[in-house]
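Written out below as C-alpha cells is the structure these notes cover.
Quick note: residue numbers are just sequence positions, from 1.
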Amino acid sequence: MRRSRIVPVTIVLVGVCFAGCDGGSAQDSGTASTTPTAASSATTKSPDLRSLPPMSEPIPSAPLYSAGDIDTGLKPFIDQAAADLATRLGVPAADITTHAAVLVVWPDASVGCPQPNMRYAQVATDGSIIELAHDATFYRYHSGGGRGPFLCQMPLTSPPPAEGGS
C-alpha cells in the first residue's frame with residue numbers, strides 16, 4: 001500500500017494598493033500599483049480624504065510654478081482640489097486661489113508623493129500638479145495614473161518634466 005505524503009503549503013498574500021495608498025477612493029484606482037515592503041505585515045487603507053479632519057497647521061510649501069501658469073483642461077481637478085482644501089481649512093472655497101495647474105509626467109507611480117515603506121512601479125505616469133494658495137500659504141495637489149487630485153504633504157524640490165517633453 002502506498003502512503004501519500006501531505007506537504008503543508010503556506011500561501012502568503014501581499015496587499016496591493018492602487019494609486020498611492022493614501023486616501024484614493026475606489027473610483028480613483030488606476031493601473032499603477034504599490035506594495036508594502038516586507039516590514040509591513042498587514043495592509044491598512046488610509047481614510048478617504050473627505051473624512052480627514054481640517055488641518056491644524058499649514059503645510060510649508062513654496063510654489064514650483066509661475067503664478068497664472070494654468071492649464072484650463074484641469075478645471076475639474078482644480079475645483080475638486082479647491083473644495084477639498086476649503087473643507088480642510090474650514091474656509092469658503094472662494095477664499096482659495098489657484099496659483100498654478102500644470103500637466104506633468106511623474107517618474108514613477110508614486111505621482112510625486114511617495115509614502116514611507118512603500119515601493120512603486122517605476123513607470124512614467126501622466127498627471128498634474130495644482131498649486132493652491134490661502135493666506136499666503138501654498139498647498140500642492142497631485143494627480144496621476146487615473147487618480148484624482150490629492151493633497152501631497154511631501155515637499156518637492158523641483159518640478160517633474162512637463163507633459164509632452166521639456
Side-chain angles (χ1 to χ4, degrees), residues 17-34 44-118 120-166:
C17 296
F18 292 94
C21 287
D22 61 349
S25 65
Q27 71 187 26
D28 294 335
S29 63
T31 57
S33 68
T34 58
T44 58
K45 186 173 185 220
S46 298
D48 188 302
L49 288 178
R50 291 167 289 202
S51 67
L52 294 176
M55 292 183 303
S56 57
E57 296 180 28
I59 300 163
S61 179
L64 293 175
Y65 298 94
S66 300
D69 190 2
I70 299 173
D71 184 310
T72 57
L74 290 173
K75 175 97 172 88
F77 281 174
I78 294 168
D79 292 344
Q80 288 174 9
D84 179 72
L85 184 59
T87 300
R88 289 170 178 271
L89 297 176
V91 300
D95 290 355
I96 306 297
T97 59
T98 304
H99 177 79
V102 297
L103 295 171
V104 298
V105 177
W106 298 108
D108 61 36
S110 73
V111 294
C113 201
Q115 300 301 303
N117 299 319
M118 298 295 291
Y120 297 91
Q122 299 300 301
V123 296
T125 305
D126 291 338
S128 68
I129 292 179
I130 299 169
E131 292 179 330
L132 302 176
H134 179 264
D135 283 342
T137 301
F138 293 90
Y139 302 87
R140 191 169 298 119
Y141 280 74
H142 293 199
S143 71
R147 181 170 184 205
F150 63 95
L151 181 63
C152 182
Q153 298 185 37
M154 304 291 291
L156 291 176
T157 56
S158 63
E163 187 176 74
S166 160

- Message: Using the side-chain contact (heavy atoms from CB on, under 4.5 Å) criterion, which residues pair with Ile70? Sequence neighbours excluded.
- Response: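 By the side-chain contact (heavy atoms from CB on, under 4.5 Å) rule, Ile70 matches Ile78, Thr98, Ala101.
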- Item | With Pro107 via side-chain contact (heavy atoms from CB on, under 4.5 Å) - residues at least two apart |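 For Pro107, no residue satisfies side-chain contact (heavy atoms from CB on, under 4.5 Å) once neighbours in sequence are set aside.
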Distance in Å, [X] [atom1] paired with [Y] [atom2], rounded so as to fall on 0.5 Å steps:
X      : Y      : atom1 : atom2 : value
Ile130 : Ser143 : CD1   : OG    : 6.0 Å
Ser66  : Glu131 : OG    : CD    : 9.5 Å
Leu64  : Asp69  : CG    : CG    : 11.0 Å
His134 : Thr97  : NE2   : OG1   : 9.0 Å
Leu89  : Tyr139 : CG    : OH    : 4.5 Å

- Message: Any heavy-atom pair between the side chains of Ile129 and Pro160 that's under 4.5 Å?
- Response: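 Side chain of Pro160 against side chain of Ile129, heavy atoms only: contact under 4.5 Å found.
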Donor-acceptor under 3.5 Å ([X] side chain, [Y] main chain):
X      : Y      : value
Asp135 : Thr137 : no
Trp106 : Val123 : no
Tyr141 : Leu85  : yes
Gln115 : Cys113 : yes

- Task: Go through the steps for Tyr65 and Val104 under the test side-chain contact (heavy atoms from CB on, under 4.5 Å), then give the verdict.
- Result: CA-CA 12 Å; Tyr65 298 94; Val104 298; 3.5 Å; yes
- Message: Set out, in order, the CA-CA distance, both residues' side-chain angles and the distance that settles side-chain contact (heavy atoms from CB on, under 4.5 Å) for Val111 and Phe150, then state yes or no.
- Response: CA-CA 10 Å; Val111 294; Phe150 63 95; 3.6 Å; yes
- Ala86 to Pro92 - nearest heavy-atom pair and separation: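 Distance-wise, the nearest heavy atoms are CB-C, 4.0 Å.
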- Task: Specify the closest pair of heavy atoms between Ala124 and Val105, including all atoms of both residues, with the distance to one decimal.
- Result: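 Where Ala124 meets Val105 most closely, the heavy atoms are CB-CG1, 3.7 Å.
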- Evaluate the criterion side-chain contact (heavy atoms from CB on, under 4.5 Å) for residue pair Asp126 and Leu103; output intermediate values, then yes/no. CA-CA 8 Å; Asp126 291 338; Leu103 295 171; over 6 Å; no
- Query: Considering residues at least two apart in sequence or located in another chain, which fulfil the side-chain hydrogen bond (donor to acceptor under 3.5 Å, both in side chains) criterion with Asp79?
  - Reply: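 Asp79 satisfies side-chain hydrogen bond (donor to acceptor under 3.5 Å, both in side chains) with Lys75 only.
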- Item | Selection residues 76-103 - residue pairs positive for ring pair (Phe, Tyr, Trp, His ring centres under 6.0 Å), sequence neighbours left out |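 Pairs touching residues 76-103 that pass the test: His99-Phe138.
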